[in-house]
Each structure stands twice: as C-alpha cells, then as structure tokens.
Colleague: 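There's a structure below that I have some questions on.
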There are 2 protein chains.
Amino acid sequence: MRDDGGMRPGAHNAITDVDGIRVGHTTRDEPGWLTGTTVVVPPTGTVAGVDVRGGGPGTRESDLLDPANTVDAVDAVVLSGGSAFGLGSADGVADAVWEDGRGWPVGAGADERVPIVPAAIVFDLGRGGHWRHHPGPSDGAGAYHAATDGPVLQGSVGAGTGARAGGLRGGVGSASTVLDSGAVVAALVVVNAVGSPLTADGHLLGASWTLLEDHAPLPEPHPDAVAAHWVARQAELEALRAGTATTLAVVATDASLGKAACRRLATVSHDGMARALSPVHTAFDGDTVYALSTGARPTPEALDLVALHDAAARSVTRAIVRALLAATSVDRSADGGLVAASWREAVTAVR
Amino acid sequence: MRDDGGMRPGAHNAITDVDGIRVGHTTRDEPGWLTGTTVVVPPTGTVAGVDVRGGGPGTRESDLLDPANTVDAVDAVVLSGGSAFGLGSADGVADAVWEDGRGWPVGAGADERVPIVPAAIVFDLGRGGHWRHHPGPSDGAGAYHAATDGPVLQGSVGAGTGARAGGLRGGVGSASTVLDSGAVVAALVVVNAVGSPLTADGHLLGASWTLLEDHAPLPEPHPDAVAAHWVARQAELEALRAGTATTLAVVATDASLGKAACRRLATVSHDGMARALSPVHTAFDGDTVYALSTGARPTPEALDLVALHDAAARSVTRAIVRALLAATSVDRSADGGLVAASWREAVTAVR
C-alpha cells in the first residue's frame with residue numbers, strides 16, 4: 001500500500017509552488033561537456049538554514065547560515081556541477097543579485113549591499129570528457145536570469161546534467177506538499193549518490209513514499225536486466241573515490257521559521273534521502289540540505305510543526321524518485337566520459 | 001522482496017556479537033514505576049563518537065566526544081528512562097566503572113582515574129503513575145553489574161520499559177551484521193518516538209529492511225484494528241508536548257575507527273531511524289546515536305567503509321523492528337499512567 005501520509009501536491013508539484021520561489025537551470029551538454037548549474041531564487045527576506053551531513057561536501061557560505069551568526073536572509077541558493085571548481089558559478093549569481101538591487105545592506109548608500117548566495121556542488125568532473133569543463137560565473141548568472149516561478153524542468157538538466165546515482169543516471173527532481181494548515185513545503189534535489197536508489201529486485205526504494213500525482217504507473221523490473229545492473233554496479237563501486245558523490249536538496253516553505261528552525265527543517269529533510277537512497281551520508285557523499293522560509297504564513301507550532309517536518313522529508317524522497325524517473329540515458333563513451341542508463345531503461349531493457 | 005543487502009547477523013543477532021561488548025538492564029516495572037536503565041559496557045580502550053540529531057535531547061558527556069576534544073575512550077554508555085532526572089543513573093555507573101579499575105588516567109596514582117560515561121535519556125515521566133519515579137544511581141549501577149556478553153533481553157526492559165512509539169509500546173531492540181570482511185557491526189536501540197513505526201495500512205515501516213533471521217513471519221494487520229489505531233493515534237498526537245519522545249541507539253563495531261570516524265558512523269546510523277519511523281528527528285524527539293569502535297580488526301577503507309556504514313544504518317532499522325516485536329502490551333490506567341498496546345496486538349485485535 002502506498003504510504004502517502006494523506007498528503008497532496010501543489011499545482012506544479014515543485015518547489016515553485018511556494019509563492020515567490022523561482023528556479024532556473026543552465027545545462028551544459030554540448031560535446032565535451034556534461035554539467036550545469038541550478039539556481040533557486042527566493043523572495044527578498046527569505047530566511048535560510050543548512051545541514052551538511054555527507055562526509056565530502058563542497059560548499060560556500062555555510063558558516064554564515066549558522067544560527068549563531070548574524071545574517072538571516074539569502075538572495076539565492078546555487079547548486080552546481082563541477083565539484084570544487086563549480087563553486088565559481090556562485091560568483092556570477094552574486095553579481096546578478098547585486099545588479100537586481102538585492103543583497104544584505106551594509107552601508108548608507110543604495111549600492112552598499114552584499115549578495116548572500118550559499119552554494120553547494122556535486123562531483124561530475126570528467127564525465128563529459130574534459131576534466132576542466134565545469135560551470136563558471138556565466139553559467140550561474142545564466143541560471144539566475146532563466147529562473148521562473150512556473151513548472152520546474154527535471155531530469156538531466158542544470159546541476160543534475162552530469163549526475164549519477166548508484167550506477168544510473170541521476171538528475172534534478174522536485175515535489176511539493178500542501179499541508180492541512182494551507183502552508184506549502186516543497187523540495188528540489190540533485191541526485192548524485194554513491195548509494196543505490198534501488199531495492200534488490202530493481203524497484204525504486206522511494207517509490208512506496210510517493211503520491212499518486214508524482215508519476216505515471218511504473219514498469220515492472222525485468223529480473224535479467226536487474227541482475228545485469230547489479231553486476232555493472234559492483235564494478236563501478238570498486239572504482240569509487242571519496243568525494244565523487246553527493247545529493248543536494250533545497251527545501252522551501254511559506255511557513256514562518258527563524259534561522260534555527262530552518263536548520264532543524266534541513267536536518268529532518270535529510271531523512272527523505274535515507275528513504276530513497278542506500279547507503280547515503282557516507283564518507284564519499286557531500287550530502288547537504290538547505291531550508292528556506294519565505295515567511296508568508298504563520299509560524300507553525302506543536303502538531304503543525306511535526307506535519308511540516310514530516311512533509312519536508314517526504315517531499316525530498318518524492319523529489320528523488322521524480323529525478324530518477326525524469327533522467328534520460330546518456331552515452332558519452334566516444335568522448336571518454338559517462339555512460340549511464342536511466343532507471344527505466346536499466347531495469348527493463350535486457351542488453 | 002526483502003531488501004537485505006545480502007547481509008547476515010551474528011550468533012546473538014545483537015550488539016553483544018561485537019567481541020567484548022556487554023549489555024545490562026535495570027527494569028523498574030513494579031507498581032507506580034514504569035522506567036529503567038540500560039548500560040552498554042565496551043572493552044577498555046573503545047573509541048566513541050556521538051551524533052545528536054533530535055530537537056529535544058537530554059545527554060551528558062557529548063562535548064567530550066567532539067572529535068576536536070581530547071578523550072577518545074569511553075568506559076560505558078548509559079541509556080535511561082526518566083528524562084533529565086534519569087541522567088543521574090550515570091552517576092552510579094561512573095562509581096562502578098571506577099571501582100572496576102577503569103577510567104581515563106589523569107595522574108600517577110592507580111586511583112587517579114576519571115570514568116568516562118556518556119549518557120542519554122528518553123522521556124517516560126508519569127507513565128508509570130508517579131512523575132518523580134525515575135531511575136537513579138543505583139539503577140545505573142545495577143544495570144552495569146548485570147551486563148553480560150550473551151543474548152540481549154529486548155522489548156519492555158531497561159530504558160525501554162516506559163517507552164512508546166507512535167502510540168504503541170516502544171522498547172529495546174538489537175541486531176547485528178557480519179560483513180564480508182569479517183568485521184561485525186551491530187546496534188542496540190531504545191524506541192520512544194513521536195513518529196509512527198507503521199505504514200498507513202499497519203505494517204511495520206522497517207520490515208522491508210529486516211533479515212530472515214530477525215523475526216518470525218509477521219501477522220497481517222486487520223483493517224478495522226488499523227483504523228482504530230489511527231483514530232487513537234490522532235488523539236495522542238494532539239496532546240503532544242515537546243521533549244516527550246526520543247529514539248536512542250548505540251552502534252558498535254570491531255573495525256578500528258578514530259573518534260571522527262565514529263562520529264561519521266553515528267551520523268550515517270541515524271538513517272536507520274528514518275527507515276523505521278516517520279517522522280523522526282523532529283523538534284519533539286531527542287534522537288541520539290553513539291558509535292563505538294573496539295578496534296579489534298583493521299581500519300576499513302573505501303568500499304569496506306561504505307559497507308560498514310550501510311550495515312550500521314540497516315542494523316538500526318532492524319533493531320527498531322525487533323524492539324517493537326519484542327515489546328508487550330501494558331495497562332497502567334489504574335495507576336494514572338501508560339496504556340499502550342504492542343504492535344502485534346494493536347493491529348490484529350479488534351476491540
């Protein structure tokens with residue numbers, strides 16, 4: 001039985017169902033490239049927290065988000081491919097934010113603003129063929145300017161372009177939940193995990209947590225295809241290096257939360273990864289969750305807070321499943337790079 | 001299909017399968033009492049880490065376990081009922097440890113030793129009838145002296161005596177895994193969660209993660225009984241207060257890990273809670289995991305470390321399922337206290 005907790009998604013079933021949240025992607029999948037950047041742009045005054053739980057993270061501005069520190073509003077959150085090099089994509093977002101008239105005011109002049117742009121990366125270097133082909137400032141700025149509050153492109157786009165998950169193609173996914181209180185909580189993920197998103201018999205681990213609206217009926221895995229997948233998976237695991245995987249999430253709500261409560265929301269949201277990926281949060285992953293509160297609705301208390309936490313974790317699981325379903329197979333072997341099948345192709349096609 | 005990751009348990013399927021680890025309980029279930037203490041006693045020199053992820057923890061010596069701090073060996077880990085009052089049970093363990101000739105040496109004299117006894121509590125006050133009936137130093141000492149390396153008593157014993165989980169009776173559970181490398185990793189849990197251990201249709205959430213050896217075939221939930229459970233559950237939730245729930249775990253391995261690696265093992269092990277309880281790590285829970293390394297076997301690297309992390313999280317999920325299956329129904333309504341059915345009784349008996 002589907003364990004949906006009685007929940008329903010919003011209109012887009014995406015993070016843009018939280019009023020004022022916009023999402024943009026830059027996808028670099030031309031020859032020699034397989035990477036990209038995704039930017040989440042919240043309304044002015046949005047409070048944020050972060051919880052870094054993977055053993056190999058790559059981030060900027062996490063210290064600023066510590067509840068003990070001063071700044072409590074962010075202008076954008078950048079998720080990017082390119083490993084540590086990809087952190088440079090946030091430079092372009094910082095400039096774009098400032099040019100838009102945003103940023104933390106630090107002086108009397110209207111220009112005296114500092115853009116607050118936390119960022120986290122996934123490893124995808126060399127997967128498109130060239131180790132030095134990674135997103136930079138112009139890719140970040142492009143994603144920022146492309147941001148809309150409409151449906152969110154999912155699958156092999158943006159920061160998920162070069163992503164893998166347990167030997168399958170990873171990607172970007174999103175899902176939203178409308179709570180009984182009327183508040184909305186939603187997630188956007190980039191799935192690039194060392195762990196597998198599959199049960200032993202090839203089903204998606206997180207599928208029992210999804211809502212009816214999250215996806216069309218799923219194909220039944222073919223035992224021979226699943227067996228072949230696990231053989232290939234073992235070879236991949238044996239070539240594993242630390243820091244070459246990471247699942248990222250941005251969780252957003254219109255409920256009012258302070259900085260510390262945003263961090264708690266980020267912490268609980270990591271449980272959504274545990275239900276869709278196994279193992280996760282290992283020494284090889286840099287798993288990081290950002291939580292954003294736009295503050296349009298009241299502060300949830302007691303049971304409403306439990307419901308918000310519950311829905312946030314479930315939204316992350318659902319977004320991971322949707323990322324894997326939206327991802328497309330890719331073959332860059334001619335370019336010395338990534339070969340990865342989508343879940344659907346890997347478990348149904350016997351090759 | 002059972003997703004067992006190809007794993008097998010050790011001889012006791014308990015934390016005592018890690019060589020040198022002993023467990024003892026004090027159970028206070030006489031009239032007016034429903035609480036207790038569980039003590040895990042590792043061999044001398046065992047390294048430890050902790051990861052506190054619930055929003056309402058009650059602990060002692062967590063700061064000492066920070067990888068940046070000096071002491072890296074623990075003498076015992078105390079899990080106790082009694083909420084903040086129950087932290088006093090560790091006083092008796094500290095004395096017993098010292099009398100046994102153990103403790104961190106701080107001087108030239110043989111007596112100049114400081115016992116290192118981290119402790120964490122679960123809330124159970126008032127459930128046995130009397131708010132002020134909680135474990136104290138003599139209960140801690142009793143559990144310490146009762147510790148053996150044999151089979152571990154599970155269910156409604158020790159720190160799990162007054163435990164609830166999602167409106168059912170919680171308790172103590174344990175499970176172990178023997179890895180391909182020969183290393184053993186195992187968990188002991190005390191389940192007292194605000195979240196539910198059930199799927200919507202009344203199955204145990206974590207049951208798809210268990211091994212064949214973990215339990216006998218499970219009864220099929222009766223729809224009327226499950227419906228009645230959810231009605232009662234809603235009433236319970238509405239009476240919820242912060243800090244009245246917590247799931248605790250001790251994860252132990254004979255693989256050699258430093259203090260920081262123990263903390264990473266504790267972090268990953270929290271994922272095992274996410275697969276058996278929903279929601280978990282909320283503002284109402286004080287969820288805490290200790291990780292212990294006895295160091296009898298080599299330090300795992302690369303894939304062996306991933307396998308250890310994976311098995312640790314799975315052992316926690318399995319231990320939670322075993323706790324719920326071993327727990328027995330209790331009715332202390334005459335004493336103004338807890339009424340809680342075991343999972344088996346709640347989902348099969350229509351009342």
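Every chain is numbered from 1, with letters handed out A, B, ... down the list of sequences.
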Colleague: Heavy-atom pairs under 4.5 Å with chain B are the metric here; pick the option from A:G54, A:G195, A:A311, A:A307 that has the most.
Modeller: A:G54
Colleague: If you count heavy atoms of other groups shown closer than 6.0 angstrom to CG of B:D180, is the number above 12?
Modeller: no
Colleague: Which one, B:G272, B:A261, B:G55, B:A274, leads in non-hydrogen pairs under 4.5 Å with chain A?
Modeller: B:A274
Colleague: Determine the option with the most heavy-atom pairs under 4.5 angstrom with chain B, choosing from A:D271, A:V306, A:T282.
Modeller: A:D271
Colleague: Flag the one option from B:H309, B:H281, B:R53 with the top tally of heavy-atom pairs under 4.5 Å to chain A.
Modeller: B:R53
Colleague: In chain order, what residues pass the salt bridge (Lys or Arg N to Asp or Glu O under 4.0 Å) check against A:R275, with sequence neighbours excluded?
Modeller: none
Colleague: Please check: side-chain N/O of A:R264 versus main-chain N/O of B:A283, any donor-acceptor pairing under 3.5 Å?
Modeller: no
Colleague: If you count the non-hydrogen atoms of other residues, nucleotides and ligands that lie under 6.0 Å from CG in A:D63, is the total more than 12?
Modeller: no
Colleague: Can you list the residues of residues 297-305 of chain B that sit under 4.5 Å from chain A, counting heavy atoms only?
Modeller: B:A302, B:L303, B:L305
